[in-house]
Amino acid sequence: MIERIVRIENKLGLHARPASLFVKNASRFESDIKLIKDGIEVNGKSIMGVMMLAAEMGSEITIKIDGADEEKAMKTLVKLVKVEKFDEE
Amino acid sequence: MKNDFILRGIAASPGIIIGPAYLFGEKTTVYRESAGPVKNTDREIKKFKKAVKESKKELEEIRDGLVKKLGFRKANFLDVQILALGDPWMMDETIKKIKEEKKEARQAVFEIEQKVLEKFREINDPYLKERTSDIKDVVKRVIDNLEGGKSMKVSPGEMHVLVADNLTPSDTAQLNKEEVLAFLTNLGGKTSHTAIMSRALEIPAVVGLREITEHIYPGVKVIIDGYSGVVVVNPKEKTLKNYERKKKHLKAIEKKLLGLRDLPATTIDGYTVDLSANVEFNKDIDSANEYGAKGIGLYRTEYLYLTQKRLPDEESQLKIYRDVVDRIYPETVIFRTLDLGGDKIFDNSPVDKNPFLGWRGIRLSLQRKDIFRIQLRAILRASQRKSVRIMFPMISDLEEVRKAKKILEDVENELERDGIDYDKNLEVGIMVEVPSCAILANDFAKEVDFFSIGSNDLTQYILAVDRTNQLVASIYDHLHPAVLKAIEGIIDAAHRQNKWVGVCGEIAGDPLAIPVLIGLQVDELSASPIVIPEVKKVIRTLSLKESKVIAKKCIGFSTSREVRRYLEDIVDTKLTAVRDLILAVDAYVK
């Protein structure tokens, strides 16, 4: 199991479209993917869960991945959040 | 689903109703409360999965079509819905509900939807909050597929409370009115189509609830208090009992008060006001007579213009006005000329962004003289029995009064020429509801025969509150000392010119406000027929002397809270005879 803390840097935070992108990407992997913010843990493959986190710009979320393809999954998701910034800018 | 969820809107039509809700215009059927536990849960789960699959397919087809039309980026707003259908959390929870709680698939879906919506309501981000519409949309699709994709009929086939975002005349045309217990809408004010129609049908209604459709699922029990505008969704047993009690209580009071029918609205020291009725439809006149109203203090003419596609011609108006006059004679009736926004009448008129500051009332009439003249002609022709008065709404400048009176004079001359009889001494008044008119009341009083204070709009304009906006509605209070002070000034100005003053807003039917209005020596009060006995009873226990002291005290306060506290105290200690009547009304939701 691996964990990483990332800061949400896109302007609107994890609103509907970024959340959709996140869930779509997360769903491609076999591993169990969880997101944690302010002590609330949700399923990273659940659009409702991710949206309900209401992670605004500047907030920090923990990505927790457990499974066979955890390394690859983490790389993809962190890239989406930090480097691609959900393709927003 | 949360118990006792309370929403406050605008009380549009009185009465208390408890019944199952039904969302109008949505293709869902009624939730059956006790369908009993499901035996074959596997079958329900299979049904559910199939419905989800079908819904997903439909949505993907729609999205693919949109991608072709709009391009990929713009079409991906449907992604949330598509992803929701594959959402592991929602799927698991729903299946768990079916399996463990033995619920029907449809009901499990409803309950999960409620759970999700409730969580979303806690989110502060307005953008994410809006996604509830996606959730509702997608759930609706699943339910439809669960029902075999068939289109459900408009009416649920049993007595129900009709809940809608808004009701248009064409919507109401297809309603089965026999089955409607009450109306609840997100939009609308006192003169919205729903409000007007519900009063005409004598069906309780609350409008302007902003978000009632968000909190309702088909079949959920709701309490509607059409007196106070309170709606309780999914009430607790205790709340239900309280309302049953209130219902009984009001019935008992009503019965007792009807004994006052033929007595005047006179204080114990001999000060009499004319207690008359606000009327919208001719059939309200029966209620006005039944409840002992002295004439009609406000006849709203808007309905004539809203119900038909064409503008009403002179003859059809005359027929209705004459009927009013005949039914209330020898008492008088005050016809208020058209008080509507232009966007409500003309299809091609741009929607008023700020309707209460917009093109409405006398402003419209003075620009559309053709419409105005027809109405004035009809009213004048109905005045032969000399029991008709006329008043203009939304006056903000003396020029408007002069222009309106000039047009009235023209129409009179025209009738004269045509040899048609009318009342040559007909009294002409204005609604005082705009602050400019209240401030300059002295000048206006010189040029009209009477004032009628429209307290609802006056309060709204003085306090700058849109009371259909839940976020600010609590600031709205017609007992605010600023409003009372304005009313005092208006009455004094009129009396100095020997003109009489009526009050026709909701304040005239608010028992707590009656001592103040009497103390300010108002000459006439006009309220909904149904509250007239109550108001009369209060007046008959007051003395003018005492009321003057009360009014003076209230105007000396600086917040409405102080006014209310003081008045409640007075009622509690001095007006013990009507204490229950006045204070009973809002103590039921606790």
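Here the structure is a predicted model, which is why all the values come from computation and not from measurement. Sequence lines set the chain letters: A, B, ... in the order given, protein chains first and strands last, and positions in each chain run from 1.
- Annotation: maximal heavy-atom pairing with chain A below 4.5 Å, among B/Lys119, B/Glu122, B/Met91, occurs at B/Lys119.
- Here the side chain of A/Ser31 pairs a donor or acceptor atom with the backbone of A/Glu70 at under 3.5 angstrom.
- Checked for salt-bridge contact, B/Glu111 and B/Lys97 meet the test: a charged N lies under 4.0 Å from a carboxylate O.
- Within the 4.5 angstrom heavy-atom criterion, atoms from both the backbone and the side chain of B/Leu83 approach chain A.
- A/Arg7 contributes a side-chain N or O that, together with a main-chain N or O of A/Gly58, makes up a donor-acceptor pair within less than 3.5 Å.
- Aromatic ring orientation, B/His160 versus B/Tyr22: perpendicular (interplanar angle above 60°, classes split at 30° and 60°).
- Proximity to chain B is limited to the backbone of A/Leu14, based on heavy atoms less than 4.5 angstrom apart.
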